[in-house]
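Structure first, then comments.
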2 protein chains.
Amino acid sequence: MAMEPRLDIIGAALADVSRSQILCALMDGRAFTNKELACVAGIAPQTASAHLKHLQLAGLTSSLRSGRHIYHRIADKNVAGVLEAIAGLSPTDHLRRNGSSRHGGADIFRARSCYNHIAGRLGVLLTERLIDLNVLQLSEGAVVPGDHGNRFFSDIGLPIPSASPAHDPVVKLCLDWTERRHHISGPLATQLMQHAIRAGWLERRRNSRALTITERGYETFDRIFGVNREMIEGGS
Amino acid sequence: MAMEPRLDIIGAALADVSRSQILCALMDGRAFTNKELACVAGIAPQTASAHLKHLQLAGLTSSLRSGRHIYHRIADKNVAGVLEAIAGLSPTDHLRRNGSSRHGGADIFRARSCYNHIAGRLGVLLTERLIDLNVLQLSEGAVVPGDHGNRFFSDIGLPIPSASPAHDPVVKLCLDWTERRHHISGPLATQLMQHAIRAGWLERRRNSRALTITERGYETFDRIFGVNREMIEGGS
DNA sequence: ACAACGATACGATGACGACCGAACCATTGC
DNA sequence: GCAATGGTTCGGTCGTCATCGTATCGTTGT
């Protein structure tokens, strides 16, 4: 009689520390192999295999085989959005406890990738600056391209994402898990990060979502966005 | 070293059928007592008590005591939104299996409350109609009040929600769990449902999120919104 | 004050699942 | 074909947790 959504199915898929770590590693949008993910979670490959099977059955991940490797990734951006939302709901006590970000803490607080867009302190600072510059503007709690949008993006040589169908906005807001403020996601944010990596402002790392800000990156973010090193590393 | 979000904490809170049922019961926005929720989930009160303790510790629910009763509810609209998003991610195979909606199935498919706004077939039909009538309009994948908005709402005697601060839009889109199409949420949608109940178009039930559509309701939805009984009950 | 009722703490039980060792399957490269 | 490597299956062990019976605590109403 009662025909209710089965929150427990998705819940069970998340209800394990190892699976949580695996999903977090996948949250930067890249695909990883079973062995890499086992290493990230600190478990044996057989166990990771079982976990990935579980995640895939729940529809959270998808796999893609290439030779003798099988790459796993987040199933789609829909799933990524929900996971990010759940992360925003998680208790944060364990964050500031060790490795406080205020004293130049772990790099993952400064800048990290979040399903192909920039998150962390750098992510929210850039977002707020883009709104100040009227490149983006707030509208009814959502964010839309602003008056100076096209001008700005063509100035820095960024291809402007084509207007998408109404159900898939070109830019969205996403609650930053560590900063508790919004950063941008969506196609525009994806292109921005890819451009930042291509241009050598940021560098990905091997087994971490953390992004390294290069010297050129610090210089560029300061000059173009007005976001300087002190703002990124410092307190406020 | 690794400082990642603990998806498993929220996941563990959801990873039980009884807790899932409890949360679903709470998803209509009303508060229930321990005993009522135990009844919904089909478990003993002691077990429900442990579950509610778990949910509260995870920050998903909050309790409020009134006399010898303790009322439990979803912690905030933030949590409600995430839960609805997770429900939209859940597998749907078990839905059409029993009680198909096409053959005039369970009422919960026709109309139900979802954290104080209307969901189910009626919810998505009203939403689409409001967009057609230009009472609401799509903008960059979000939804905002349209040109005929104020006129329409004052016509039916609905107080127009005041424009909220930018971070809390007056109306939002929410993926309907059964219909897989969008319905509206947010303050405007809340007021719409409350008005519909006050005006006798809909009636709440005791222990279910399902809403009963009254005869006056059918007549009104047809006349004002152009949503007739056949559309609500039928296939399409 | 006492009976009734709702909620909770404790203990025991039973089931599910995370984990890894060992063996097996599949693909690559020589 | 054969060794090497990545991935998976199987079986067994251990820990965790959902469940309920019993008992306790708090509030209400008579």
Side-chain angles (χ1 to χ4, degrees), chain A residues 2 4 6-26 30-73 206-207, chain B residues 2 4 6-26 30-73 75 91 206-207:
Chain A
E4 297 287 344
R6 295 289 305 274
L7 300 177
D8 60 293
I9 294 177
I10 302 292
L14 304 176
D16 179 85
V17 181
S18 299
R19 281 197 294 273
S20 171
Q21 288 175 306
I22 288 174
L23 285 172
C24 289
L26 294 175
R30 285 183 291 180
F32 291 90
T33 66
N34 184 15
K35 202 177 184 182
E36 290 172 320
L37 294 171
C39 178
V40 166
I43 54 180
Q46 316 94 307
T47 311
S49 183
H51 284 316
L52 288 166
K53 195 176 172 184
H54 192 163
L55 290 173
Q56 194 163 355
L57 201 67
L60 297 182
T61 64
S62 65
S63 61
L64 173 67
R65 76 179 308 145
S66 162
R68 77 181 131 181
H69 295 275
I70 299 185
Y71 290 97
H72 298 268
R73 61 174 59 196
R206 246 179 316 177
N207 281 330
Chain B
E4 298 286 341
R6 295 289 304 275
L7 299 177
D8 59 294
I9 294 178
I10 302 293
L14 305 176
D16 178 85
V17 181
S18 299
R19 280 196 294 272
S20 171
Q21 289 174 305
I22 288 174
L23 285 172
C24 289
L26 295 176
R30 287 183 290 179
F32 292 91
T33 66
N34 183 16
K35 200 177 186 183
E36 290 171 320
L37 294 171
C39 178
V40 167
I43 55 180
Q46 316 93 307
T47 311
S49 183
H51 284 317
L52 288 165
K53 194 175 172 185
H54 193 164
L55 290 173
Q56 194 164 356
L57 201 66
L60 298 182
T61 64
S62 65
S63 62
L64 174 66
R65 74 180 310 144
S66 163
R68 75 178 133 183
H69 297 276
I70 298 186
Y71 290 96
H72 297 268
R73 62 173 60 196
R206 246 179 317 175
N207 282 330

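Residue numbers begin at 1 in each chain, while the letters A, B, ... track the order of the sequences.
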Send over the distance from B:Glu36 CD to C:dA7 C1', rounded to a whole Å.
13 Å
Hey, does the side chain of A:Arg19 reach the backbone of A:Ala13 with a donor-acceptor pair shorter than 3.5 angstrom?
yes
Rounded to whole Å, CG of A:Asn34 lies from C1' of C:dA26 at a distance of 14 Å
Can you find a side chain N or O atom of B:Thr47 that sits less than 4.0 Å from OP1 or OP2 on D:dC20?
yes
Only one of A:Asp8, A:Ile9, A:Leu7 passes side chain to side chain contact (heavy atoms under 4.5 Å, CB included) with B:Val17; say which it is.
A:Asp8
Hey, does the side chain of B:Ser18 come within less than 4.0 Å of D:dT19's phosphate (OP1/OP2), counting only N and O?
yes
In whole angstroms, the gap separating P of D:dT16 from CG of B:Asp8 amounts to 14 Å
Whole-Å gap separating P (D:dT27) and CZ (B:Arg68)
11 Å
Could you state the CG-C1' distance from A:Asp16 to C:dC19, rounded to the nearest angstrom?
10 Å
For A:His69 and C:dT28, is the shortest distance between a side-chain N/O and OP1 or OP2 below 4.0 Å?
no
Taking only the side-chain heavy atoms of B:Ile43 (C-beta and beyond), determine which of C:dA7, D:dG7, D:dC20 contains the nearest atom.
D:dC20
Which atom names give the shortest non-hydrogen contact between B:Glu4 and A:Cys24, and what distance separates them?
OE1-CB, 3.4 Å
Could you give the CZ-to-P distance, from B:Arg19 to D:dC17, as a whole number of Å?
9 Å
Roughly, in whole Å, what's the span from CZ in A:Arg65 to P in C:dT28?
8 Å
Nearest heavy-atom contact between A:His51 and A:Asp16 is CE1-OD2, 3.5 Å
Please determine whether any donor N or O and acceptor N or O are separated by less than 3.5 Å between the side chain of A:Gln46 and the base of C:dG21.
yes
Under 4.0 angstrom between B:Lys53 side-chain N/O and C:dA9 OP1 or OP2
yes
Side chain to side chain donor-acceptor pair (under 3.5 Å) with A:Ser63: which of A:Lys53, A:Gln56, A:His72?
A:Gln56
Residue A:Lys35, side-chain atoms from C-beta onward, closest of C:dA18, D:dG7, C:dG6:
D:dG7
Using whole Å, what does the distance between atom C1' of nucleotide D:dT19 and atom CD of B:Gln21 come to?
14 Å
By nearest heavy atom, map A:Ala15 and B:Pro45 onto DNA chain C; which one lands nearer the 5' end?
B:Pro45
